[in-house]
Amino acid sequence: MLLIVGTIRLPAQNLPDARLAMKRVVEASRAEDGCHEYCYAEDLFDPGLVHIKELWSDQAALDRHFTTDHIAEWRDAWPALGIGDRDIRVYEVGEPRRT
């Protein structure tokens, strides 16, 4: 399993438009084979900071994800939304357990 966590940053005034674009990419990504979880969440205390969490079955599923139309559309929207700072990392993880 691959766990992807990170953040993106954009001007807070662009969040209403970004929410629409994020909703489209999240819904389409969740429907992909190999996607177990795909979430974007706005930071409660830092306007314009969006946290990302994804869980994919394997690298092949993630590679297919990167070739989809909805990812291309999402990335094409970044300049207009002012998305600049991206800090996103991929981790290989084992089976989950409850804490």
Looking at side-chain heavy atoms only, is the closest gap between [X] and [Y] below 4.5 Å?
| X | Y | value |
| --- | --- | --- |
| R89 | I4 | no |
| D85 | T7 | no |
| Y91 | M1 | no |
| I88 | I52 | yes |
| V25 | E73 | no |
| E27 | Y38 | no |
| C39 | R30 | yes |
| R9 | D46 | yes |

Legend entry - is_close_aromatic(W56, H36), centroid dist under 6.0 Å: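 Distance test on ring centres: not under 6.0 Å, no.
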Inset, instruction - To the nearest 0.5 Å, tell me how far L2 CG sits from S57 OG. - result: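 L2 atom CG to S57 atom OG measures 8.0 Å (nearest 0.5 Å).
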Inset, instruction - May I have the step-by-step check of side-chain contact (heavy atoms from CB on, under 4.5 Å) for L3 and V90, ending in yes or no? - result: CA-CA 6 Å; L3 173 66; V90 179; over 6 Å; no
Inset, instruction - Determine, step by step, whether L49 and I8 satisfy the side-chain contact (heavy atoms from CB on, under 4.5 Å) criterion, reporting the C-alpha distance in whole Å, the side-chain angles of both residues, the deciding distance to 0.1 Å, and the verdict. - result: CA-CA 6 Å; L49 183 65; I8 58 173; over 6 Å; no
Does [atom1] belonging to [X] count more than 12 external heavy atoms closer than 6.0 Å?
| X | atom1 | answer |
| --- | --- | --- |
| D76 | CG | yes |
| E92 | CD | no |
| D87 | CG | yes |

Inset, instruction - If the plane angle is over 60° it's perpendicular, under 30° parallel, otherwise tilted; pick one for W78 and W74. - result: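 It falls in the perpendicular class, over 60°.
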Inset, instruction - Grab the two heavy atoms, one from A61 and one from G34, that are nearest each other, plus how far apart they are. - result: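 Looking at all heavy atoms of both residues, the shortest contact is CB-CA, 3.9 Å.
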Legend entry - Over all atoms of both residues, closest heavy-atom pair of H65 and T68: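 For H65 versus T68, the nearest heavy atoms are O-OG1, 2.8 Å.
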Inset, instruction - Taking S29 for its side chain and V26 for its backbone only, find out whether a donor-acceptor pair lies under 3.5 Å. - result: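 No, S29 side chain to V26 backbone: no donor-acceptor pair under 3.5 Å.
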Inset, instruction - Indicate yes or no for a side-chain donor-acceptor contact from N14 to the backbone of L81 under 3.5 Å, with no hydrogens or angles considered. - result: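 Yes; judged by distance alone, with no hydrogens or angles, the pair exists.
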Inset, instruction - State plainly whether one hydrophobic cluster holds both I71 and M22, where clusters connect Ile, Leu, Val, Met, Phe, Trp and Tyr through side-chain heavy atoms under 4.5 angstrom apart. - result: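 Hydrophobic grouping puts I71 with M22.
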Legend entry - Between E32 and H70, a side-chain donor and acceptor under 3.5 Å: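 E32 vs H70: donor-acceptor pair found between side chains.
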Inset, instruction - Might you work through the side-chain contact (heavy atoms from CB on, under 4.5 Å) test for E42 and H51, ending with a clear yes or no? - result: CA-CA 6 Å; E42 294 175 39; H51 296 271; over 6 Å; no
